Amino acid sequence: MKRNNGVDALDATKKRRSTVKKKQRSTERFLQNTPCYKITPRVPRCRECRRSAAARTRDALAGRTDDDLCRFIAFRKLRYNEEGLLEVTGFADPRLDPKEADISLWSSNFKEVPFNLSKQAAVFLLGQLGHKFCELFHQEMEARFEHMSEDTTIAWRQAVRGVREMCDVCQTTLFNYHWVCTSCGFVVCLDCYKCKKRGFPMIQTTTKDKDDAGWFMCSMTKEPHIQSLLMRAQIIPGDCFYQLVQQMHGICALFQIPLDCECPLSQEPRFRKMIHDEREFEFRAPDDANTLSSNGNESHSENSDRPPVDDERTAKMMAMTIKDIDQLVTKLEGEGSDGKPAYLLKAYSISLAKRFISNEQTQTGESNFVPWDDASDEAGTLNENGGHLSSQRPLEANKANTVEVLSISAKPSPARTSYHIFPSLDWRTLILIFQQIINFHNENGTFSINRSMATIDEDGSMAASMVTFPGRVIIQRHLIQQFLIGFLGDFEFLSSEHNTDDLYVGDNTLSYNLHSKENQHQFRKGERTMSLDESSAMYPGAAHEWLCNGKLLRLLNPRSSVNYNMFHDQWERGQPVMISSVSSLMNMELWTPQSFERDFGEQPSDLINCVNGKIVTGYPLRVFWEGFQSVDYRLLDEHKCAMTLKLKDWPPGDDFAEMMPSRFEDLMLSLPVPEYTQRRGCFNLASRLPGFFVRPDLGPKMYSAYGSTRNPPKGTTSLHLDISDAVNVMVYVGTPAGETREQYNRKVLELIGTDDCDMQTRRRINEREELPGALWHIYHAQDADKIRSLLRCIVRERGNNIQPNHDPIHDQKWYLDANMRKRLLQEYQVEGYSIVQCEGDAIFIPAGAPHQVLNLYNCIKVAEDFVSPENVSYCFQLTNEFRYLSKTHSNHEDKLQIKNIVYHTVKDVVSKIAKPLIIMADAERPGNTVNVGNDQSLQTNV
């Protein structure tokens with residue numbers, strides 16, 4: 001009998017239906033973590049992910065990944081709905097979504113501070129950059145008033161390591177506030193947003209994918225972007241920017257650093273909550289029964305009405321005599337009248353504070369804070385004249401300002417060694433804290449009342465013996481504790497009596513920004529002309545001379561520690577500087593044409609014909625170096641004439657240090673004023689940009705070219721200017737074989753004689769028989785607009801039209817010959833610097849200074865760019881100028897990122913100055929144990 005299988009029998013040909021329920025997806029919102037084209041088509045794709053697969057492949061070959069290009073990664077929020085489908089639910093919130101790592105990138109670091117930055121250098125940098133940083137903050141605040149949409153939501157765009165976010169219109173690096181199309185990810189910066197709002201088109205364009213203002217069409221709707229529908233976004237998370245600018249103002253108030261700004265933050269009282277009990281500030285008269293014994297302890301008299309004070313409390317007091325206080329306060333308040341910074345202190349004030357602490361250590365046997373050791377400063381300091389010094393030794397009893405030459409390592413130190421955790425408090429800071437406490441009580445009448453205990457002369461004035469009055473002002477330790485804890489409480493947690501929005505209403509911010517633009521030149525000093533007698537008296541011991549009729553400083557000793565004062569005083573005026581004999585510090589065998597032909601002769605490279613500016617391709621470097629050494633081996637042009645070639649910006653795209661490590665080390669060890677020119681120099685602001693960001697390519701780069709005396713009107717390098725400062729070192733000068741040396745020398749001397757060179761320069765060439773390598777013409781940055789006016793006038797005189805989005809200087813197509821320079825002087829009263837650069841000369845060119853070069857002989861020059869605090873204003877100005885250039889222009893793209901550089905410099909400076917105060921305040925708190933280095937721990941029992 002056959003068995004009936006029924007419904008329980010399984011058919012092997014049919015797939016069995018699963019009885020397990022499908023797992024329910026979470027409906028919580030999350031940040032998009034993959035490119036748009038890799039997720040469901042239901043979600044709109046950004047403009048980068050809409051491109052073809054072939055285009056994405058080309059980007060991958062160029063080293064750009066999908067994660068770098070997608071506009072919505074870590075920016076747009078997604079979630080799965082109840083049906084399990086992915087949908088867009090908004091964007092990241094700047095207050096809720098940033099993690100600790102995101103916030104720490106933009107906030108002051110009170111755990112680790114820069115190791116290569118001294119407190120004195122930090123104070124100087126803050127004095128140079130503070131007003132510009134304040135302006136930057138207020139310019140960003142304009143975004144809230146320029147926003148056109150009724151939706152006030154602000155999204156947060158997370159910064160991506162190694163990616164430089166740029167505006168889609170002007171190619172400027174996005175700093176903080178910007179606007180985004182929520183459909184395609186189109187991005188526009190604050191300046192371009194304002195331009196379109198006011199009807200000023202950025203770039204003239206005729207392409208179909210852009211509107212009349214130069215904005216890309218929406219890649220999703222294929223329509224022009226409606227400005228009022230764009231969403232506002234920021235890069236700096238939360239209130240980090242506001243906190244940092246608030247902290248900067250607090251530091252400047254404590255250290256009396258003049259910001260010269262009139263912003264709302266500068267009007268807030270800084271020390272209002274820091275001292276609560278005025279009675280703790282005591283004045284002890286000499287006839288008081290409670291006198292101070294010789295060892296600093298109190299002795300109680302039988303006739304005293306005052307209760308005795310225990311030894312433990314007395315041991316925690318710091319004492320200053322009336323004479324000391326008068327000298328200190330007068331000296332500090334007197335600074336600044338002659339142009340010196342108000343925050344510089346004399347050596348006697350330092351020794352005074354040392355005496356206080358040493359007395360206290362004798363009494364207590366311990367110290368609750370560690371004095372700053374000047375020997376640990378790896379960076380420069382400030383001297384009493386307001387200039388820069390190289391590193392200083394510790395202040396000793398008979399060597400208050402002993403200066404030694406700074407030793408710089410050519411190789412950048414690893415990131416792990418560039419920070420340290422426990423910096424100690426320096427004596428200057430302690431003195432300033434004393435003064436703030438005294439000033440506070442003076443304002444409240446405490447100190448003035450106590451002074452009335454002194455004898456009064458018949459004329460009503462204080463007795464002359466007052467200044468030597470043996471009485472003491474007692475500043476108890478917990479009074480200093482109150483001051484620091486109160487200051488840092490307001491400093492760290494921003495317990496401000498005002499709300500952020502209250503401080504920055506529209507009228508205040510816009511009027512302040514307008515005032516800043518109208519007075520943008522107030523911080524710039526004008527050019528100066530010096531004589532050797534005047535400068536020798538001002539800077540004794542500095543070997544130097546003056547060229548260009550007293551306008552160009554030439555320093556003769558590249559390693560002298562006294563160079564910094566003269567260099568800074570000249571550099572802050574925007575004047576170029578020459579430092580000679582740099583070749584004496586270099587291994588010159590590394591810089592000969594034979595060595596370059598041997599090491600890199602087979603590498604292909606593009607050459608430039610100096611006569612017509614055309615690029616010559618298809619030849620190895622060996623061809624260039626052979627023609628460099630002999631005229632017979634030079635390439636011929638279409639007219640069968642030997643070409644005058646140059647090798648510009650070499651090596652292209654490669655890091656000089658990786659390609660030529662021995663030459664890089666030789667150069668770095670030889671560059672003068674290394675605090676400015678080193679990659680990690682404390683006054684090279686580019687060194688303050690964290691490794692998280694794309695590092696700007698500041699060189700070194702080589703500039704090698706044949707001599708151009710055969711065609712002098714053309715020049716070797718056309719008139720141009722750079723967005724950053726630069727130092728250009730002449731490492732080789734020579735004549736090629738096949739040229740008659742006497743005839744060649746005669747042509748060079750005739751050219752120098754007919755140029756604008758001064759007598760001192762001509763005497764240097766004629767009498768000292770130094771081989772002149774190149775003739776420079778450098779103009780002050782403030783004269784750039786006048787030079788543009790002349791060149792545009794010449795264009796119109798020749799019957800040509802001025803093209804939009806082009807600049808006669810930035811285009812680098814002009815060389816000012818003798819007639820143009822003469823006309824510039826007569827019509828515009830602009831006279832430049834005619835400088836002859838010989839072998840071993842280093843020429844420093846300020847940012848924004850127009851300059852051109854004519855090689856007299858065959859030359860090899862190497863240049864290193866840097867960003868100095870003195871010329872940051874010009875970096876900002878040029879960044880804005882480059883925005884208006886055409887996209888095909890070499891200078892259009894913002895590669896310097898000056899706003900990020902300034903922001904992170906101020907962040908490091910605030911961290912450096914504030915960390916010792918935090919350590920001291922923590923040490924004052926009961927029961928705290930603070931590690932102060934060298935495996936020592938201090939226990940406080942206050």
Side-chain angles (χ1 to χ4, degrees), residues 408-412 582-610 615-635 642-672 674 677-679 695 697-708 716-717 726-739 771 773-774 837-843 853 855 857-865:
I408 295 286
S409 173
K411 298 180 179 180
V582 178
S583 57
S584 63
L585 307 174
M586 304 177 70
N587 180 7
M588 300 307 293
E589 294 181 357
L590 296 173
W591 305 98
T592 61
Q594 295 83 2
S595 66
F596 287 108
E597 181 183 359
R598 179 189 66 241
D599 297 340
F600 308 103
E602 300 306 319
Q603 288 190 5
S605 183
D606 293 338
L607 307 174
I608 300 177
N609 189 339
C610 297
I615 298 178
V616 181
T617 60
Y619 295 95
L621 283 176
R622 172 177 46 81
V623 174
F624 172 80
W625 291 117
E626 289 176 348
F628 191 94
Q629 301 172 69
S630 175
V631 177
D632 297 336
Y633 287 94
R634 292 185 176 179
L635 297 177
M643 284 191 267
T644 303
L645 299 177
K646 69 176 177 180
L647 181 63
K648 181 182 178 183
D649 291 336
W650 187 82
D654 296 327
D655 190 353
F656 195 102
E658 296 178 359
M659 185 174 179
M660 295 178 283
S662 59
R663 291 179 174 87
F664 175 79
E665 183 174 359
D666 186 54
L667 178 66
M668 291 296 108
L669 289 173
S670 307
L671 284 177
T677 54
Q678 291 281 352
R679 285 189 175 184
R695 294 276 185 174
D697 184 10
L698 299 178
K701 295 290 184 181
M702 286 181 54
Y703 300 85
S704 306
Y706 305 162
S708 299
T716 304
T717 302
V727 54
N728 188 294
V729 183
M730 182 73 72
V731 295
Y732 177 86
V733 179
T735 54
E739 291 275 11
L771 201 61
Q837 184 184 24
C838 301
E839 184 173 297
D841 288 344
I843 295 181
V853 186
N855 277 19
Y857 289 88
N858 293 350
C859 299
I860 301 177
K861 300 187 288 288
V862 58
E864 172 80 356
D865 294 345

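None of the values given here were measured: they were computed from a predicted structure. FYI, side chains are in, hydrogens and waters are out, and symmetry mates aren't considered; it's all heavy atoms of this structure.
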Are the side chain of [X] and the backbone of [Y] linked by a donor-acceptor contact shorter than 3.5 Å?
X	Y	result
K701	K648	no
T677	P672	yes
Q837	N728	yes
S670	L585	yes
N855	A774	no
S630	G627	no
N858	F628	yes

Please find the pair of heavy atoms, one from [X] and one from [Y], that lie closest to each other, and give the distance.
X	Y	answer
Y857	L771	CZ-CD1, 3.7 Å
G773	C859	O-SG, 2.9 Å
T716	A705	CG2-CB, 3.6 Å

Contact check, side chains of [X] and [Y], non-hydrogen atoms, under 4.5 Å:
X	Y	result
V733	C838	no
M730	S583	no
V729	V727	yes
V862	Y703	no
S704	K646	no
V731	K861	no

> F596 ring centre to R663 NZ or CZ under 6.0 Å, with the angle to the axis within 45°?
Replying inline: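 Yes, R663 lies over the aromatic ring of F596.
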>> Checking Q629 against Q594 for the side-chain hydrogen bond (donor to acceptor under 3.5 Å, both in side chains) test, could you report, in this order, the C-alpha distance in whole Å, the side-chain angles of both residues, the deciding distance, and whether it holds?
In response: CA-CA 8 Å; Q629 301 172 69; Q594 295 83 2; 3.2 Å; yes
>> I'd like to check the side-chain contact (heavy atoms from CB on, under 4.5 Å) partners of P620; sequence neighbours left out, ordered by chain and number.
In response: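 P620 satisfies side-chain contact (heavy atoms from CB on, under 4.5 Å) with R622, V623 once adjacent residues are dropped.
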>> Restricting to side-chain contact (heavy atoms from CB on, under 4.5 Å), what partner residues turn up for S662, sequence neighbours left out?
In response: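 Here the qualifying residues are L590.
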Quick one: list whatever passes salt bridge (Lys or Arg N to Asp or Glu O under 4.0 Å) with [X], sequence neighbours left out.
X	result
E589	none
E597	none
D841	R764

Separation of [Y] [atom2] from [X] [atom1] (nearest 0.5 Å):
X	Y	atom1	atom2	value
M660	E665	CE	CD	14.0 Å
I608	M643	CD1	CE	12.5 Å
L645	R634	CG	CZ	8.0 Å
L621	D606	CG	CG	10.0 Å
N587	L667	CG	CG	12.5 Å

>> Check the orientation of F656 and W591. Use parallel for under 30°, tilted for 30 to 60°, and perpendicular for over 60°.
In response: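 Parallel: the ring planes of F656 and W591 meet at under 30°.
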>> As a quick check of understanding, evaluate side-chain hydrogen bond (donor to acceptor under 3.5 Å, both in side chains) for S708 and T644, giving each step before the final call.
In response: CA-CA 7 Å; S708 299; T644 303; 5.4 Å; no
> Residues in ring-ring contact (aromatic ring centres under 6.0 Å, His included) with F600, at least two apart?
Replying inline: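 For F600 the ring-ring contact (aromatic ring centres under 6.0 Å, His included) partners, ignoring immediate neighbours, are W650.
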> Among Y619, Y706, Y633, which residue meets the ring-ring contact (aromatic ring centres under 6.0 Å, His included) test with F624?
Replying inline: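 For F624, the ring-ring contact (aromatic ring centres under 6.0 Å, His included) test succeeds with only one of Y619, Y706, Y633, which is Y706.
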>> Taking D865 first and then R679, would you say they form a salt bridge - that is, a charged N and a carboxylate O separated by under 4.0 Å?
In response: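 Salt bridge flag = no for R679 with D865.
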